[in-house]
Amino acid sequence: MYDDEDYDILMKIIIVGDSGVGKTNLVNRFAQQTFLDDSKPTVGVEFFSRNIDIMGKTIKAQVWDTAGQEKFRAITYGYYRGAMGAMICYDITKEQSFLNVEKWIDELKDHGDSNLITMLIGTKSDLESKRVVRIEDGAQKALQHNMAFLETSSLKAANVGKAFSMLLEKIY
Ligand code: GTP
């Protein structure tokens with residue numbers, strides 16, 4: 001039987017970004033292959049893990065889904081410690097969530113480990129007709145801050161596994 005505890009390296013990843021950008025669904029798609037139409041705002045933090053093979057090694061990705069809502073901020077900071085990687089998410093249909101990426105970068109600098117590797121994720125790429133943030137602008141911001149970048153859709157299962165693989169490979 002496949003044993004989830006049989007891994008070579010443990011990597012802790014945190015997922016941050018404004019409330020409603022789709023962090024919980026990103027993690028659910030990655031860890032459980034599911035999508036939630038009516039997912040509720042995350043309270044504090046939740047964590048999931050999944051083993052994934054990177055360059056011949058089994059990596060146990062321990063993914064911490066943090067609440068985007070301001071009222072939970074003090075709780076979530078405590079979970080930044082020890083994280084090797086972070087995904088900063090914005091919603092391609094919400095301009096403000098993209099503008100707030102700068103704020104999330106600062107929060108990670110203030111509360112995360114100094115060698116934290118970050119990746120920028122533009123979520124809900126299936127909602128092309130409602131897009132307000134151009135893919136070039138996402139790529140440009142990522143470049144400016146030396147982050148990897150992908151647009152994902154948890155609904156269509158597009159680029160989700162690829163995004164986690166990219167981040168884990170960068171950490172490895
Ligand atoms: P907080 O827990 O409050 O920080 O929110 P969150 O970032 O975890 O957002 P969540 O995953 O709960 O998703 C918010 C809403 O966006 C839900 O109604 C989801 O169904 C929807 N959603 C998430 N991902 C996608 C996606 O890839 N495509 C579409 N169309 N909707 C999505």
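Order of listing sets the numbers, starting from 1, for every ligand and every atom in it. The figures that follow rest on heavy atoms only: side chains count, while hydrogens, waters and symmetry mates do not.
- Legend: residues meeting ring pair (Phe, Tyr, Trp, His ring centres under 6.0 Å) with Y77, ordered by chain and number and at least two apart, are Y80, H111.
- Residue S154 places at least one N or O, backbone or side chain, under 3.5 Å from an N or O of ligand 1.
- Interatomic distance, OG1 of T152 versus CG of N25, reported as 10.0 Å (0.5 Å rounding).
- When only non-hydrogen protein atoms are considered, atom 28 (N) of ligand 1 lies nearest to D126 OD1, 2.8 Å.
- The residue D38 has no part lying near ligand 1, judged by heavy-atom distances below 4.0 Å.
- The closest side-chain heavy-atom distance from L108 to T118 is below 4.5 Å.
- Across all their heavy atoms, A163 and I121 have their closest contact at CB-CD1, 3.8 Å.
- Side-chain contact between F149 and M147 is absent, with no heavy atoms from C-beta onward closer than 4.5 Å.
- The protein heavy atom nearest to atom 20 (O) of ligand 1 is L36 O, 2.9 Å.
- Scanning the protein heavy atoms around atom 10 (P) of ligand 1, the nearest turns out to be S39 OG, 3.3 Å.
- From K60, atom NZ reaches atom NZ of K12 across 14.0 Å, with rounding to the nearest 0.5 Å.
- Of all heavy-atom pairs between Y90 and G138, the closest is OH-CA, 3.4 Å.
- Here the protein heavy atom with the shortest distance to atom 6 (P) of ligand 1 is K23 N, 3.4 Å.
- Residue F35 has no nitrogen or oxygen atom sitting less than 3.5 Å from a nitrogen or oxygen atom of ligand 1, judged on distance alone.
- The existence of a salt bridge linking K141 and E102 is confirmed by a sub-4.0 Å separation between a basic side-chain nitrogen and an acidic carboxylate oxygen.
- With a heavy-atom cut-off of 4.0 Å, L26 does not touch ligand 1 at all.
- Taking any N or O of D65, backbone or side chain, none lies under 3.5 Å from an N or O belonging to ligand 1.
- Ligand 1 has no N or O atom lying under 3.5 Å from any N or O atom of Q69, backbone or side chain.
- Not a single heavy atom of T123 lies less than 4.0 angstrom from ligand 1.
- The protein heavy atom nearest to atom 5 (O) of ligand 1 is G20 N, 2.9 Å.
- Considering backbone and side-chain atoms together, P41 places no N or O closer than 3.5 Å to any N or O of ligand 1.
- The shortest heavy-atom contact between Q69 and P41 is NE2-CB, 3.1 Å.
- Residue D18 touches ligand 1 through its backbone alone, judged by heavy-atom distances below 4.0 Å.
- When only interatomic distances are considered, the shortest N/O to N/O separation between L127 and ligand 1 does not fall below 3.5 Å.
- In this structure, a donor-acceptor pair under 3.5 Å is absent between the side chains of S39 and T24.
- No hydrogens or angles considered: nothing links the side chains of D18 and S97 as a donor-acceptor pair under 3.5 Å.
- Residue-level proximity to ligand 1 for A67 is carried by the backbone, the only part with a heavy atom below 4.0 angstrom.
- Under a 4.0 Å N-O distance rule, the pair R134/D137 qualifies as a salt bridge.
- Nearest-residue assignment for atom 9 (O) of ligand 1 (options G22, G17, S153, G68; heavy-atom criterion): G22.
- In this structure, atom 16 (O) of ligand 1 lies nearest to the protein heavy atom K124 NZ, 3.0 Å.
- Counting heavy atoms closer than 4.0 Å to ligand 1, residue T42 contributes atoms from both its backbone and its side chain.
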